**Student:** 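Take this structure, written in structure tokens, and hold onto it; I'll ask about it next.
Remember, it's a predicted structure, so these values are computed and weren't measured experimentally. So you know, we letter chains A, B, ... as the sequences are listed, proteins then strands, and number each from 1.
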Amino acid sequence: MNLTQLLERLHSDANFRANVTCWRKIPARPARYAPFPDTVSPALTEAYRRRGIHELYTHQREALDAALAGEDFVVVTPTASGKTLCYNLPVLQAILSDENARALYLFPTKALSADQVSELYEVIEESEIPVKTYTYDGDTPVAARKAIRQAGHIVVTNPDMLHSAILPHHTKWVRLFENLRYVVIDEIHTYRGVFGSHLANVVRRLARLCAFYGAHPQFICCSATIANPAGLAQAILGRHVRLIDNNGAPAGERHFVFYNPPVVNRQLGIRKSAVLEARRIATMLIANRVSTIVFAKSRVIMEVLLSYLKKQVENRLGDSDLVRGYRGGYLPRERRAIEQGLRSGRVLGVVSTNALELGIDIGSLSACVLCGYPGTIASTWQESGRAGRRNDVSLTVLVANSSPLNQFIASHPEYFFEQTPENGLINPDNLYILLSHIQCAAFELPFRDGERFGDQPVGEILGYLEEQGTIRHVGDAWHWSAEEFPSTNVSLRSASNENFVIIDVTEHEPRVIGQMDRFAAPMLLHEEAIYIHEGRQYQVEKLDFFEKKAFVRAVDVDYYTDANLAVSLRVLDEFAAQPGAVARAWGEVLVTSMVTIFKKIKFDTHENIGFGRVNLPELEMHTTAYWMSWDDTLLRLEAERLEDGLTGAANLLAVVAPMYLMCDPRDIAVVPQIRSPHTRRPTIYIYDCYPGGIGLSDKLYELHSRLAEQALGLLDECPCLNGCPSCVGPDGADKTMARRLLSAYCL
Amino acid sequence: MIGNLREKLSILESRRAEPQAAVSAAPQAHIECKRFAETLPPGAAMGGRAPADPAVMTDGAISALFRVPAGGDYSPGRMLFLDTETTGLSGGAGTVAFLIGLGWFTQDGGFTLEQYFMQDYDREADMLERLCGRLERASILVTFNGKCFDAPLISSRSIINRIRPPLDRLTHLDLLHTSRRMYRRRLASCSLGCLEREVLGVVRDGDIPGSEIPDIFFSYLRDGDFTRLEQVLAHNRQDILSMALLMDALCRAWRDPGSLNEQWDLYSCGRIYEERGDPRAAQCYARADLPEARASLAAWHKRRGEWDMALALWQDIVHRGECGIYAYVELSKYYEHRAHDPETALAVSEKALSRLRALGFHDTIREEARALSARIARLRRRVGRPDR
């Protein structure tokens, strides 16, 4: 059965329909074309023709025209609409007309860089034009680096490498900087919040060096759908950016189905497991040879689902390798092979975490099963966009799990379809971030008196740094005057890039089968954990926490493990406080997270069949927090309503705070405590998710009542009856109580 | 501590709104760096056992020691010795050379030392321009680890000051590379300090550790006290002198290996000769009483078809029980292919294998054993004894 026939059958299947809360059909969209302009070199048009591209889509033509007119622009179009051509074509054209011309490509991850280079290579090989493209990242052999610095026309890298390896050594990259024509920033929507604020400052440093070398590169950005792509691009680049969103790529008809698993226990209101329902739906699709991608929210669920699907597909189609897994932590070679299999059609199904949310090219699939709501509207559209061929019908099934947010989305599909996707917000002038990058910039090139950094005057900051002794003002310039290499102390991302390696000791010769980031390792690689890799089970025998190695042995058991992470927050110091019936404070806190126990869960039934203890050190983070507390004897609240009100107020603050801080919701954490050990009152903590703090909670302390007013406004404007994700949250939070708490704060 | 920083930052935050001072339009005065110079007369002490003698630095020695094309003019009069003191060792655009030390031989065999010191960052351009002037007049640059450190640093700082130093025009001789070739087999380290102690006989009195140098400069910038910088100047001065002494020692060794007292230096010298096919290699090997030297000498004779000499050496090595199974394998090859005596070849190979087994089983040995077993199997087939 093909997908169209399957859809017809599902549509008339009463059992299936009983659980469908929404079935939205998005009509097909025809292609809109524009010819290659005559200004493009025949060698290039010919190369693209040989790849089957005879005409451009309207948005590609618009991008090319903008590039040729010297404009900076951001292209926003869905997955698989040919956005890479929007930058490759003008860049290749520029190099063809001037063989000294250079371009710099920035991708958020190494995996993406590798993918882009292989695609570029293909076009370059087709056209037989002598363009040298190199990836420059941590994996680049030292011997190759010199050649890349001298001869690479297109240097493909990531913001971290640009920040720590290229800009501080710019004098080795004279050829690149003197001739830099284009800077391409792909996946710009990933640069939100603190990460984006860092990138904006890296771009300021880049622009400063380009000006020194007399180059004025154009910027080309690409973004997935967010509410404000042009706004985000302008904030990152610090200049006007044209928005190109006139998508000319065709799309087949799309079906978007919200599926809420049936209630199996009426008394307790327990629904059937989303994982098992996702398994059923994905099996049906793959067994009918409909190419399908399944997204799971966590690595454990993803691997459990993969094990299930492999077994089902083995039974039905006789080859478990028709379904593959894909997530961070697989080795690069393994990932390349899986991507290749997907593109060539050898692989029918893939189960992934959000590693595939980024634009890795795997071709397009016909169906997408989301096991659980991805959390934001933008990422739901991005994951769903993985299914959707240009001419054929496609299907996305969102299988809701039992969390309040999922249940809300399942029962309020209009919320999903009517709400605009999330904003990408940054604050490049965050003083902490600015201060770090001004040091890096001074190391790279002395500041002249009166010089600005982006649009920021920097005299005061340089004066401060001179007092600190790392900068010296002499003549008309500010010189870096310290032994340190400032960029090594500045990490653009919150997560450290330290990895644990996973070593299989089943065979005589141990071999590395995967890797895991430091934060997830205690959860997934504690001793006795069942670590699943591409559907194969291993048991962790030993976790060497200090050497960052986990030794695992292949096993065949009928359960998987799931660990509990206990997070606690303790106040270490109060920097400022305003006491009162409603009080606020700002200070240093210690956030510790520790894995204490794990559960053994039986496959298929998901019964809990035992547990074990985990003995691992705590992960500690010193950061800064802002907190507000209430004197509940004054408020005279009953305990239960107080809890609901506090939860509601916390959710409101979590929605409102990022708008004021111009940060990403994940940059902060909001923790309500009914009775905080520090204040001995009901308290809501908001802390910076960055070691040492990054100035977000300081700002909240200053904002204080404005923040509460805004939260209150949001609460009153929200048309929902009993709470929704945009206000107090879907978790039975109490709107009235939340209002009382926040109003007390506004007095 | 975080709180303290935050307080300062919040003051900054409030001040940031204030207007900036206007860009300074005052014309720049030409700001000069400081120059120190002295000339040592011929034969003056340079800190080592004996002064450096430019007469030993012949074109042939330089070309062989530094792997530069033979037939070039490498006369010592064209050499400029250079060493910098910097604000850090990590490199990168913001690392600055604040002191550039230079040295060259004078016409009469004396030695001139010149140091340019930048008293502050605004003197850097002047210092680099003066360096350019010196570089213009030389054609050979001599450094110790300058290919990796000093030269890229100078070129980087020049780019930032928009000066183009003629570094690419000069032949660059890096003494570190050559010292490693000559001394690494004997010495634990080829740092300049170690070479001074073990080769040159230089004794530094009250010298400052290199790691303290950046801080001394930074303190000078803050308080203007030159006292400790005197030590940095002295340190840099001795670095330059030691480079001249090292050049002298290397050239002397190459010209007259007979003067070498160390077996390993003799052997290393032989290797340097051998690279150029110089027959003096064989003399060095023959005089060095080392297993490696005997093996190298045997290989030298083998390559020249002097089989009797090679054979005697291999047998000697076997007799002494040196060099693992190297000589056995060579003998076996010799008996099989030269003497056409597969029986003896097999016997030697079998001895080699049992010797190898006695040595134990780590990876390289396993690899050798595999190759040896293959050889033995082949030889057995040849002599008509496929298995025992």
**Student:** Would you please classify the geometry between the A:W627 ring and the A:Y685 ring as parallel, tilted or perpendicular, with 30° and 60° separating the classes?
**Tutor:** tilted
**Student:** Among B:S155, B:S156, B:P152, which residue forms the greatest number of heavy-atom pairs with chain A at distances under 4.5 Å?
**Tutor:** B:S156
**Student:** Highest number of heavy-atom pairs under 4.5 Å with chain B: which of A:H169, A:H170, A:E444, A:R472?
**Tutor:** A:R472
**Student:** Quick one: what part of A:P486 sits under 4.5 Å from any heavy atom of chain B, side chain, backbone, both or neither?
**Tutor:** neither
**Student:** Ring centres under 6.0 Å, that's the criterion: do B:F117 and B:F226 meet it?
**Tutor:** yes
**Student:** Is it true that a side-chain atom of A:R208 and a backbone atom of A:L445 form a donor plus acceptor pair closer than 3.5 Å?
**Tutor:** yes
**Student:** Against chain A, label B:Y121 side chain, backbone, both or neither, depending on which of its atoms sit under 4.5 Å from a heavy atom there.
**Tutor:** both
**Student:** Can the ring centroids of A:Y213 and A:W173 be said to lie less than 6.0 angstrom from one another?
**Tutor:** no
**Student:** Closer than 4.0 angstrom, basic N to acidic O: yes or no for B:E32 and B:R123?
**Tutor:** no
**Student:** Could you tell me which portion of B:T95 (side chain, backbone, both or neither) has an atom closer than 4.5 angstrom to a non-hydrogen atom of chain A?
**Tutor:** both
